[in-house]
Protein chains: 2
Amino acid sequence: MARPRNPLLNRERIVTAALELVDGEGLAALSTRRLAAGLGVSGPSLYNHFPTKDALLDAVVDTVLGEVDLSMLGRDPWPEALRDWARSYRAALAAHPNLVPVLAHGPGRRANALRLADAVFGALVDAGWPRGEATRIGALMRYLVFGSALGSFAGGFVDDQQVYTADYPRLGQAHLLAEHQRAIDEGAFETGLAALIEGLALRFERLHPAV
Amino acid sequence: MARPRNPLLNRERIVTAALELVDGEGLAALSTRRLAAGLGVSGPSLYNHFPTKDALLDAVVDTVLGEVDLSMLGRDPWPEALRDWARSYRAALAAHPNLVPVLAHGPGRRANALRLADAVFGALVDAGWPRGEATRIGALMRYLVFGSALGSFAGGFVDDQQVYTADYPRLGQAHLLAEHQRAIDEGAFETGLAALIEGLALRFERLHPAV
DNA sequence: GTCTATATGCTGATAGAC
DNA sequence: GTCTATCAGCATATAGAC
């Protein structure tokens, strides 16, 4: 086949198929050949739409970031807004666990990544936080979100209690087993979110003493 | 050459060379051929000492985790111990930035990873934290450490202010540029550490009311 | 048990025909 | 804008020398 009168591919179709492949069969299954085969074309055809595989992955990542709800930012009081935004952020990652390692590599340079960072930064500044602090708080929340996502979705502890009870009796008692890892990370995320926002509220009060 | 009378390779020599290669030339430079060449042997020889490349990377990761200082745990009061431990943890990652993406994938199943988790868990329990809370706090601190390491060492924002000021004026003002990313992550780490420990101290006081 | 040599089947990516 | 053909590099398997 040569050039078809109607293109078989476009960026959106490729990104959608790539995300489905990663969600369904894991990151390792995403090879240019596999992806192209699923789209009914041959491997190198993808390179007419993306310069490299990395650029393709970038676009996939940005699609996922577009799923994060930002509507509470600038609308609700900052502590609640920050909490709900972080939960929505985490939920977006949880919907695509196989992609988390890719998402974790840097804040991203694409439209949705920037929209995300701009929204939370703006909401904090508008609420009265100094710019420097707002930047740091935005970064901080990302750490919490990605840390808990990485722990949960990327391996974790072996599911064999004996491995631990043998040499690390206290760890064994901590229920650090694979079956519980997800629950632990969700609990740690919520604990951290609450403690962090409480700690930040103390700091905010020192910054803006009430009367 | 066939079997040399004195083995050319052993696990320690391989791990050391792999870490040097990753530190010096990045993760992508670590191929079995490159590594073997640097050790004066041919590629497949490594498989006499490690079953897969992943197992090798696992061993490298564990070596780095062995550099984390644990001496303050169980010695100092828990808030200070937690803070200093987190800083030592972060410093160990900062010493091997190219390895951070690998380190971030799960808590690890090797001796030093378990020693680390056991030490912090034990110290918190001994200080009076319930087991469940101690587990969550340990996880939480890892999120902070890895999140700030990933942000700093794994790409970050493009170093072109115009990209931001055009469509995201508030972000531009936030100094979210590559040259500042490292400082931001260090600041966010310290801010988060302080706020988190303050928030946890409040929680601890509710748990153990003073008099 | 430790090495070398060789081979397999992946991978991302390029060149040129249509 | 898609094809086919092709490339170099990858992790890894296998066979054999000692």
Side-chain angles (χ1 to χ4, degrees), chain A residues 1-62 98-99 101-103 105-106 154-155, chain B residues 1-22 24-62 98-99 101-102 105-106 154-155:
Chain A
M1 189 197 309
R3 175 203 268 255
R5 60 197 64 213
N6 288 338
L8 300 175
L9 297 177
N10 58 57
R11 291 170 63 101
E12 197 195 329
R13 242 169 65 71
I14 295 173
V15 166
T16 303
L19 187 53
E20 275 171 16
L21 188 54
V22 170
D23 283 345
E25 309 198 38
L27 243 192
L30 183 72
S31 74
T32 54
R33 292 177 220 279
R34 280 280 312 257
L35 176 57
L39 286 160
V41 298
S42 73
S45 300
L46 302 174
Y47 287 86
N48 289 303
H49 303 268
F50 292 96
T52 64
K53 188 191 175 183
D54 266 9
L56 200 174
L57 262 178
D58 244 39
V60 174
V61 160
D62 206 56
N98 296 335
L99 203 65
V102 184
L103 275 152
H105 285 213
Chain B
M1 188 200 311
R3 176 208 259 252
R5 61 197 65 214
N6 288 338
L8 300 175
L9 260 32
N10 58 57
R11 291 171 62 102
E12 196 195 330
R13 242 169 65 72
I14 295 173
V15 166
T16 302
L19 187 53
E20 274 171 17
L21 188 54
V22 170
E25 308 198 38
L27 243 192
L30 184 71
S31 75
T32 54
R33 294 180 219 279
R34 283 278 315 257
L35 176 58
L39 286 160
V41 299
S42 72
S45 299
L46 302 174
Y47 286 85
N48 288 304
H49 304 268
F50 293 96
T52 64
K53 187 189 174 182
D54 266 8
L56 200 175
L57 262 178
D58 244 39
V60 174
V61 160
D62 207 56
N98 296 334
L99 202 65
V102 184
H105 286 214

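So that the names make sense, note that chain A is the first sequence line, chain B the second, and so on, each numbered from 1. Atoms considered below: every heavy atom in the structure, side chains included; atoms not considered: hydrogens, waters and symmetry mates.
To the nearest angstrom, P of dG12(C) lies 11 Å from CG of Leu27(A). Lys53(A) has its NZ atom 19 Å from the P atom of dG9(D), to the nearest Å. Distance CG (Asp58(B)) to P (dA11(D)): 16 Å, rounded to an integer number of Å. Taking atom CG on Leu57(B) and atom P on dT12(D), their separation rounds to 10 Å, with Å as the unit. Between Leu8(A) atom CG and dC3(D) atom P there is a gap of 7 Å when expressed in whole angstrom units. As a whole-Å value, the separation of Leu30(A) CG from dG12(C) P is 8 Å.
For the pair Arg11(B) (side chain) and Phe50(B) (backbone), a donor-acceptor distance under 3.5 Å is absent.
We find the CG-OG1 distance between Leu56(B) and Thr32(B) to be 9.5 Å, quoted to the nearest 0.5 Å. How far CG of Leu19(A) is from CG of Leu35(A): 11.0 Å, rounded to the nearest 0.5 Å.
Shown here for Ala29(A) and Leu21(A), the closest heavy-atom pair between the two residues is O-CD2, 3.6 Å.
The bend of the helix from dG1(C)-dC18(D) to dC18(C)-dG1(D), defined by the angle between the axes of its first five and last five pairs, stands at 10° to the nearest 10°.
When the side chain to side chain donor-acceptor pair (under 3.5 Å) test is applied to Asn48(B), no partner is found at least two apart in sequence or on another chain. Contacts of Glu20(B) classified as side-chain contact (heavy atoms from CB on, under 4.5 Å), with partners at least two apart in sequence or in another chain: Thr16(B). In terms of the side chain to side chain donor-acceptor pair (under 3.5 Å) criterion, Arg13(A) has no residue partners (sequence neighbours excluded). Glu25(A) meets the side chain to side chain donor-acceptor pair (under 3.5 Å) test with Arg34(A); sequence neighbours excluded.
Within residues 31-51 of chain A, the residues that have a heavy atom under 4.0 Å from DNA chain D are, in order of number, Val41(A), Ser42(A), Pro44(A), Ser45(A), Asn48(A), His49(A).
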